[in-house]
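Comments concern the structure below.
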Amino acid sequence: MGVTGPIRVVVAKPGLDGHDRGAKVIARALRDAGMEVIYTGLHQTPEQIVDTAIQEDADAIGLSILSGAHNTLFAKVMELLKERDAEDIKVFGGGIIPEADIGPLKKLGVAEIFTPGATTSSIVEWVNVNVRRQDA
C-alpha cells in the first residue's frame, strides 16, 4: 500500500540528556526528504513523547539519547505505546548505545537502532522503507 501523505515522525530527546545536535540533524534530514517532523525539544518524559506522537498522528518516533539511560527510557516509551493501544507507531533510536544493548532493545519492540557513524541518508532510507501507515 503506502502512506497517504508524508510520513510523520516525532523526533524526541528523552530524559536529562542536553545534547540535541544529532537529533536536530536527523530531524532536518527527514524533513528535507519530504517527511513531516515534529521535534519535541530537550528533556522530554516518555509520557510526553507518547502523548505527542498520538496527538500528532505520528507514524514513527525517533529517540535520540546520549545519556546512557536508553534501556529504561526506551522501555518506558514501548510500554506506554502498548498501554495506549498505539503499537502501530514504529520506534527507532540512535545515539551512544552499546552493541550489547541493541538486541534487548529490539526484543522490546524498538524497530532499529542507529549508532554513531550512521549516515543521515541511511536513516532516511530506513524510515522510507520501514515506516508505513497500517491503515493506508
Side-chain angles (χ1 to χ4, degrees):
M1 286 218 130
V3 174
T4 58
I7 295 171
R8 294 178 58 84
V9 181
V10 168
V11 175
K13 290 290 299 181
L16 299 177
D17 182 1
H19 298 87
D20 64 349
R21 182 179 299 182
K24 287 179 177 177
V25 167
I26 298 307
R28 179 167 289 168
L30 296 172
R31 183 205 64 195
D32 290 350
M35 298 175 207
E36 291 184 12
V37 178
I38 300 93
Y39 175 61
T40 63
L42 292 169
H43 311 300
Q44 298 295 296
T45 66
E47 292 80 5
Q48 290 171 314
I49 294 165
V50 170
D51 285 347
T52 299
I54 291 169
Q55 290 169 6
E56 294 289 343
D57 194 26
D59 300 300
I61 299 171
L63 298 171
S64 170
I65 193 158
L66 304 173
S67 68
H70 49 272
N71 289 325
T72 302
L73 294 170
F74 283 32
K76 186 64 176 175
V77 167
M78 299 309 296
E79 175 187 323
L80 290 167
L81 287 171
K82 185 174 185 171
E83 285 176 11
R84 304 275 307 270
D85 196 29
E87 292 175 286
D88 59 322
I89 300 174
K90 197 159 282 201
V91 176
F92 64 97
I96 307 297
I97 300 172
E99 190 72 34
D101 292 345
I102 294 174
L105 289 171
K106 286 187 173 185
K107 283 186 180 184
L108 289 174
V110 177
E112 189 60 84
I113 299 291
F114 297 95
T115 54
T119 63
T120 55
S121 60
S122 69
I123 296 168
V124 167
E125 180 181 348
W126 183 89
V127 172
N128 274 321
V129 169
N130 293 283
V131 176
R132 295 289 180 249
R133 288 187 187 269
Q134 300 301 311
D135 59 351

Nearest 0.5 Å, please: how far is [atom2] in [Y] from [atom1] in [X]?
X    : Y    : atom1 : atom2 : answer
Q44  : T52  : CD    : OG1   : 6.5 Å
T115 : I97  : OG1   : CD1   : 8.5 Å
I26  : F114 : CD1   : CZ    : 8.5 Å
D51  : L80  : CG    : CG    : 8.0 Å

side-chain contact (heavy atoms from CB on, under 4.5 Å) between Q48 and T40, intermediate numbers included: CA-CA 9 Å; Q48 290 171 314; T40 63; over 6 Å; no
Where is the tightest heavy-atom contact between [X] and [Y], given as atom of each residue plus distance?
X    : Y    : value
V10  : A53  : CG2-CA, 3.8 Å
V124 : A29  : CG2-O, 3.7 Å
M35  : V9   : SD-CG2, 4.2 Å
I123 : A118 : CD1-CB, 4.3 Å
G34  : P6   : O-CB, 3.3 Å
S64  : P14  : O-CD, 3.4 Å

Working for side-chain contact (heavy atoms from CB on, under 4.5 Å), residues V11 and I38: CA-CA 6 Å; V11 175; I38 300 93; over 6 Å; no
side-chain contact (heavy atoms from CB on, under 4.5 Å) assessment of L73 paired with L63: CA-CA 9 Å; L73 294 170; L63 298 171; over 6 Å; no
All pairs passing salt bridge (charged side-chain N to carboxylate O under 4.0 Å, His left out) where residues 92-113 contributes a residue, at least two apart: K106-E112
Pairs meeting criterion salt bridge (charged side-chain N to carboxylate O under 4.0 Å, His left out) with involvement of residues 62-78, two or more places apart: K76-E79
What about [X] and [Y], same hydrophobic cluster or not, with Ile/Leu/Val/Met/Phe/Trp/Tyr joined at side-chain heavy-atom distances under 4.5 Å?
X    : Y    : value
I61  : V131 : no
I96  : I65  : no
I102 : V91  : yes
I113 : I49  : yes
L42  : L66  : no

Whether over 12 other heavy atoms sit under 6.0 Å from E125 CD: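 Incorrect, the count does not exceed 12.
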H19 atom NE2, over 12 foreign heavy atoms within 6.0 Å: no
L30 and I7: CA distance, side-chain angles, deciding distance, side-chain contact (heavy atoms from CB on, under 4.5 Å) verdict: CA-CA 9 Å; L30 296 172; I7 295 171; over 6 Å; no
Determine yes or no for a side-chain-to-main-chain donor-acceptor pair under 3.5 angstrom, with [X] supplying the side chain and [Y] the backbone.
X   : Y    : result
K13 : G18  : no
K90 : N130 : yes
T72 : A69  : no

Residues that E87 engages under side chain to side chain donor-acceptor pair (under 3.5 Å), provided they are two or more places apart: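 Testing E87 for side chain to side chain donor-acceptor pair (under 3.5 Å), a comparison that skips the adjacent residues, returns none.
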Validation row: V50, I89 side chains within 4.5 angstrom (heavy atoms):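 No; the side chains remain at least 4.5 Å from each other.
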